[in-house]
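Have a look at the structure below before the remarks.
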Amino acid sequence: MQQVQQHPLLIQRRVIFALFARELKTRFGKWRLGYAWAVLEPAAHIVVLTIIFSFGFRYSPPGIDFPVFLTTGIVPFLLFSHCLSSGMKAVDSNRGMFNYRFVKPIDTVIARILLEAFVSFGAYICLLTIMGVFLGYDVPVNNIVGIVSVFAIFVPLCFAAGLIACVLGCLFPETQKALPLINRPLYFVSGIFFTTERLPEELLTYLLWNPLLHVIELQRAAFFPNFVTIGTSYQYLFGFTLVSLALALALYRAYRYRLVTL
Amino acid sequence: MIEIINLTKSYGGKHGRHYVFRNVNVTFPEGKSIGIVGRNGAGKTTLLRMLGGIDFPDSGEVRTKKTISWPVALRGGYHAQLTGRENATFVFRVFGLDEDAIQERLEFVKDFSELGEYFEMPLQTYSSGMHSRLGFAMSMAFEFDYYLIDEITAVGDRFFKRKSRKALTEKREKAAVIMVSHSLGSLADYCEMGLMIENQEVRLFDKIEDAISAYEKLEN
């Protein structure tokens with residue numbers, strides 16, 4: 001009857017589906033407004049940053065509405081940051097599930113990254129619709145293929161980051177404390193509220209190491225016609241993602257048994 | 001049949017490596033139920049977990065073609081924020097049942113566990129007895145060749161005990177149990193053979209009574 005000999009990939013697919021369905025119910029479980037948070041969180045960032053920058057230093061290029069500009073930076077940033085933190089806790093919060101032999105630690109990370117990606121796309125579409133339709137901002141979606149391509153590389157990068165965070169977080173619980181130390185500075189160097197075009201060249205050379213800056217700029221170039229980005233490239237982003245994936249999977253493979261039995 | 005081949009298992013800690021099993025070789029014969037005895041910390045639960053495929057030996061292996069349940073224990077395997085129904089659905093999905101079969105077995109679990117309306121409530125509202133009733137009902141909803149049971153035969157009130165004893169006895173017609181219990185009486189009730197864990201090694205007895213008396217001698 002059950003436990004028919006099945007291909008491991010089929011087993012993994014059904015486990016990820018079961019975990020995904022479960023995470024869907026618990027992701028915002030304790031919070032009163034539930035899934036509205038997915039939109040409220042980036043909206044809060046956008047409002048605060050818009051107010052701060054209304055006093056000056058506004059960096060959005062001419063012809064682009066500042067709140068729309070911010071949205072295209074905040075949403076990918078929050079996706080990355082959520083993937084780091086929820087990946088880090090994936091194994092701990094699912095510990096009881098390893099009671100069932102088919103459930104592997106990596107499945108819990110995959111399920112969580114998928115959920116974060118869906119939540120983030122949903123929020124993105126909601127925010128842009130609200131801005132375009134109800135608030136009257138100009139929301140150009142110039143090159144949809146470009147936007148999709150960026151995310152097709154970015155989501156695997158988020159997975160790699162989440163998996164690395166997961167393994168390190170289990171082996172060294174101290175890393176959980178160090179997470180904000182990575183997240184906060186990233187907020188300021190990922191191009192959420194500036195463009196590469198306006199940066200001095202000496203600074204740009206360093207900031208271009210950060211793949212998030214590439215993600216945000218490449219996407220903006222796909223959203224806004226005539227958007228100028230300097231030094232960013234799909235090649236770098238793709239290469240960075242491949243190397244991170246290799247590193248993440250190697251790390252996971254080395255410690256996969258310890259993650260379950262810790 | 002389950003073969004344990006050259007199995008070594010240790011846990012590392014700050015105070016050095018502690019060996020639970022060293023080069024253990026043992027074969028559980030086809031269809032025989034086995035009661036495991038041993039002192040606290042001897043490795044009874046660790047052995048069950050390795051048989052269930054959720055803990056892993058340092059070297060050696062557990063080899064079998066039979067289906068083996070997860071270790072059915074007093075706690076664990078469930079999410080506190082989700083209801084009994086949601087938790088059960090999760091387990092059925094993980095084991096690859098289709099939606100029709102899931103619905104059918106959810107009814108079985110709800111009925112067997114006697115949880116009533118608590119089946120629709122989060123597990124954090126459950127008492128420990130309700131928790132174990134759900135756990136026991138879940139394992140009874142599957143047809144395994146081997147059931148791994150960790151101290152859970154004596155859960156619930158008198159009526160539930162009687163029912164679970166009956167269910168387990170029925171399962172034993174087609175399946176076997178491998179069980180850990182501090183109640184030597186229930187080991188003798190359910191098991192034919194006995195396995196004693198002592199000094200990182202195991203001894204298999206053809207009769208559970210012999211294992212129990214060897215264990216009692218050990219204690220003195």
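A, B, ... follow the sequence lines: proteins, then strands. Residue 1 opens every chain. No experiment lies behind these values; they were computed from the predicted model shown.
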Legend entry - Test item: A:R101 side-chain N/O and B:G52 main-chain N/O as donor-acceptor pair under 3.5 Å: yes

Inset, instruction - Say whether, by atom type as modelled, one donor and one acceptor occur between the side chain of A:Y100 and the main chain of B:G77 under 3.5 angstrom. - result: yes

Legend entry - Gap between atom CG of B:L82 and atom OG1 of A:T26 - 0.5 Å precision: 6.0 Å

Inset, instruction - Any chance you could measure A:R14, atom CZ, to B:D98, atom CG, to the nearest 0.5 Å? - result: 11.5 Å

With a 6.0 Å cut-off (strictly less than), is the heavy-atom count around [atom1] of [X], excluding the residue itself, greater than 12?
{"X": "B:R203", "atom1": "CZ", "result": "no"}
{"X": "A:L181", "atom1": "CG", "result": "yes"}
{"X": "A:F238", "atom1": "CZ", "result": "no"}
{"X": "A:Y35", "atom1": "OH", "result": "yes"}
{"X": "B:K32", "atom1": "NZ", "result": "no"}
{"X": "B:Y11", "atom1": "OH", "result": "yes"}
{"X": "B:R17", "atom1": "CZ", "result": "yes"}

Minimum heavy-atom separation for [X] to [Y], with atom names?
{"X": "B:F90", "Y": "A:R22", "value": "CD1-CD, 3.3 Å"}
{"X": "A:M97", "Y": "B:Y78", "value": "CE-C, 3.7 Å"}
{"X": "B:R93", "Y": "A:A21", "value": "NH1-CB, 3.2 Å"}

Legend entry - B:V94 and its side chain to side chain contact (heavy atoms under 4.5 Å, CB included) partner, picked from A:I11, A:V15, A:D107: A:V15

Inset, instruction - Tell me, with the steps shown, if A:V260 and B:D55 meet side chain to side chain contact (heavy atoms under 4.5 Å, CB included). - result: CA-CA 7 Å; A:V260 188; B:D55 202 338; over 6 Å; no

Legend entry - Contact class of A:I16 relative to chain B, heavy atoms under 4.5 angstrom: neither

